[in-house]
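Have a look at the structure below, then the notes.
Chain identifiers are assigned alphabetically (A, B, ...) following the order of the sequence lines, protein sequences preceding nucleic acid strands; residue numbering begins at 1 within each chain. Only a predicted model underlies this, so the values are computations on that prediction, with no experimental measurement involved.
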Amino acid sequence: MNYKIPRGTYDILPKDSAKWQYVQRIFRETAASFGYEEICTPIFEMAELFERSSGESSDVVQKEMYRFQDQKGRDFALRPEGTAPVVRSFVENHLDLQGGRHKFYYIGPMFRYDRPQKGRYRQFYQYGIELIGSNHPFFDAEVISLEMQFLKALGLKKIRLEINSVGCAECSSDYDAALQDYYRPHLAELCPDCQKRYEKKPRRLLDCKVPSCKVLRQDAPSQLDYLDAPCRDHFAQVQSYLNDMQIDYKINPAIVRGLDYYTNTAFEIIVDDLGAQNSLAGGGRYNGLIAAIGGKDTPAIGFAGGFERLLLAMQNEGISTAEPLKPQIYIIGIGEAAQKVVIQLLSQLRNRGIYAEYNPDKSSFKAQIKAANAMGAAYAGIIGEDELSSGMISLKDLASGEQSTVDPSDLPNLLIESKNKESNNL
RNA sequence: GUGGGUGUAGUUCAAUGGCAGAGCACCGGAUUGUGGUUCCGGGCGUUGUGGGUUCAAGUCCCAUCUCCCACCCCA
C-alpha cells in the first residue's frame with residue numbers, strides 16, 4: 001500500500017455513512033424546531049482570527065493549529081473551532097449593525113494538531129449553534145435545552161449536564177487574582193504543569209488530576225463567590241429557567257472553557273464510559289467576542305459538540321441508528337435473451353424510485369437467488385425462458401416464499417404498495 | 001510535545017530463531033429454474049517500512065511510521 005490517510009483522520013465508509021446522516025439529520029431537525037438556520041463558512045480563515053478569538057496563549061493557537069501560507073504569503077489556518085468563523089461572518093455581513101437576534105447552526109470538520117486518542121482526532125466533525133444578539137438568561141437556558149433535546153432525541157441517557165459561571169471580564173480577573181493569592185504560599189507543592197498554569201491561566205489549576213493538586217484545591221476560593229451582582233443574578237436566572245424547562249444539572253465550579261472568549265454561563269455535557277475524552281459538548285456565553293474581532297459590542301451564546309464522541313456514546317448505549325439499504329426487488333435473469341428484458345425492467349423500476357438490483361456477474365439461477373437473499377431483497381423477480389414467452393414475470397416474496405405471476409406493467413405499483421404497507425407497520 | 005502498548009490473508013487471530021497457518025467472510029460447485037442449513041473445492045501474504053545480528057528472522061536488536069490507551073488539551 002503506497003498511500004496512507006493522514007494521521008488522526010479517518011474515512012467514513014458506506015457502511016457507516018447512514019449513521020452520520022442520521023445524527024446530522026436529527027441535529028438539523030432539532031435546531032430547526034428552535035428556529036436555528038444553517039450557516040456555512042470556509043474551512044480555512046486568516047490565522048489571526050483564531051489568535052484574536054481563542055487567545056494567543058491558548059493551546060489551540062499555540063500548538064494545535066494547522067497553519068499555512070498561500071502563494072501570496074497570506075497566513076491562514078484550518079479552522080480549529082466553529083465559533084470564530086461564524087462571528088467573523090456575522091460582523092463581515094454587518095448583521096451586528098442590523099440588530100435583533102440571530103440564530104445559527106453549523107456542521108462540519110474542524111482541525112487540530114493533537115495527539116490522537118479515543119474520541120480525539122485531527123480532523124473531527126462538530127455541530128454547534130450560536131445565538132447572537134441577546135444577553136437574556138433565557139437564551140442561555142434555551143441553548144442548553146436545544147443540546148439536551150438533541151441528545152434525548154437520539155436516545156442517549158447516560159449524560160450529565162454541568163454548569164458554571166465564569167463571570168464577566170471584571171469579576172473573572174478578580175477571581176484570577178484571588179486564586180493566585182490562595183496558591184502563592186503553596187506554589188512549591190504544585191505539579192510542574194500547575195506551576196505554569198499559575199501564571200498563565202490560574203483557573204486551570206482547578207481541573208488538574210494530580211492528587212496533591214486536588215487536595216490543595218479543596219480550600220481554594222470559588223468563582224461563584226467572586227461574581228459581581230449582575231453576573232450572580234444572571235446565573236441565578238439561568239438556573240431558574242433550566243428548572244422551568246425541567247432540565248437536570250449540577251453546578252460545577254471547576255468547569256473552565258478552554259477558549260478565552262467565554263463570559264458568564266459555561267456548561268459541559270459529560271458522558272460516562274467514554275474514556276478520557278468524555279466531554280460530549282460544551283459551550284457558554286461569549287459576550288465580549290464580537291467587539292473583540294471588530295464588530296459592534298453584541299452579546300452571544302453557543303455550544304459545540306463532537307460527532308465522533310456522540311457516535312461512541314450511542315454505541316456504548318446500544319442505540320442502533322439506521323438499517324442497511326436493502327433492495328425492494330432483485331431481478332434474476334436466466335440466459336442471454338433475458339438480459340435485454342431485465343435491463344428494461346430495471347430502468348423502469350428505478351425511474352419510479354424503486355431500489356432494484358441486478359448483477360450480470362452471477363449467471364446461474366442459484367447464484368442469483370442466493371445473492372437476492374443475502375442482500376435482504378424483499379422480492380425476487382424472475383425472468384427466464386417461460387417468462388419471455390408469456391411476457392409475464394415470476395415474482396417471489398423472499399420472506400414468505402410465495403411465488404406469483406405478474407404483468408410487468410403492474411410491477412411498479414405493486415412494489416410501491418408493498419413498501420408503503422411495510423413502512424406503515426413499523 | 002511526554003509515557004505505555006501494538007502491527008501477520010478482506011477480518012479475527014495462530015506460528016519453542018528452522019517449510020507462514022486456522023476460524024469467519026468471500027467466490028465456485030453438489031446432474032439443466034428456487035434462497036438462510038450441510039458437504040466439497042478455491043490462499044505465494046512486499047509478516048507496517050528501512051536497516052542490523054545470524055547458517056537461518058514474523059520471532060532478536062536499532063530506527064521510523066500507523067493504530068490503541070493515558071498525560072496534556074478539548075468537542
In whole Å, what separates the [atom1] atom of [N] from that of [M]?
| N | M | atom1 | answer |
| --- | --- | --- | --- |
| B:rC27 | B:rG10 | P | 16 Å |
| B:rC74 | B:rG5 | C1' | 24 Å |
| B:rG4 | B:rG52 | C1' | 26 Å |

Nearest to the side chain of [X] - [options]?
| X | options | value |
| --- | --- | --- |
| A:R309 | B:rA70, B:rC27, B:rC74 | B:rC74 |
| A:R120 | B:rC73, B:rG28, B:rG35 | B:rC73 |
| A:D114 | B:rA75, B:rG36, B:rU34 | B:rA75 |
| A:A304 | B:rA75, B:rU34, B:rG35 | B:rA75 |
| A:Q117 | B:rG33, B:rC74, B:rA70 | B:rA70 |
| A:K118 | B:rA70, B:rC72, B:rG33 | B:rA70 |
| A:Q126 | B:rG1, B:rC72, B:rA75 | B:rA75 |
| A:F124 | B:rC67, B:rA75, B:rU34 | B:rA75 |
| A:D59 | B:rC67, B:rC73, B:rG33 | B:rC73 |

For this session: Look only at the side chain of A:N287 and the backbone of A:A300, and say whether a donor-acceptor pair between them is shorter than 3.5 Å.
Result: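 Checked: pair present.
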For this session: Look at the side chain of A:Y175 and the backbone N and O of A:P221, then say whether any donor-acceptor pair between them is shorter than 3.5 Å.
Result: yes
Exercise. Between A:F267 (CZ) and B:rC74 (P), how many Å, whole number?
Worked result: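 It is 16 Å, rounded to the nearest whole Å.
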Problem set entry | Rounded distance (Å) that lies between atom P of B:rU32 and atom CD1 of A:I369 |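 One finds 15 Å between P of B:rU32 and CD1 of A:I369, rounded.
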For this session: Using side chain to side chain donor-acceptor pair (under 3.5 Å) as the criterion, list what pairs up with A:E29, not counting sequence neighbours.
Result: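 A:E29 satisfies side chain to side chain donor-acceptor pair (under 3.5 Å) with A:R25 only.
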Touch class at under 4.0 angstrom, heavy-atom based, for [X] against every strand present:
| X | result |
| --- | --- |
| A:G128 | nothing |
| A:G282 | sugar-phosphate |
| A:I382 | base |

Exercise. Side-chain donor or acceptor of A:E64 under 3.5 Å from a matching atom on the base of B:rG1?
Worked result: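 No, no donor-acceptor pair under 3.5 Å.
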Problem set entry | Side chain A:K366 and base B:rU34 donor-acceptor under 3.5 Å | no
More than 12 heavy atoms of other groups within 6.0 Å of [X] [atom1]:
| X | atom1 | result |
| --- | --- | --- |
| A:E48 | CD | no |
| A:R101 | CZ | no |
| A:E402 | CD | no |

For this session: Specify the residue among A:S364 and A:E387 whose closest nucleotide of RNA chain B lies further upstream toward the 5′ end.
Result: A:S364
Seminar exercise, completed: Note: for A:K362 and A:E81 on RNA chain B, the residue whose nearest nucleotide lies more 5' is A:K362
Exercise. Residues from residues 399-411 of chain A sitting under 4.0 Å of RNA chain B, heavy atoms only?
Worked result: A:G401, A:Q403
Exercise. Below 4.0 angstrom from OP1 or OP2 of B:rC73, is there any side-chain N or O of A:R197?
Worked result: yes
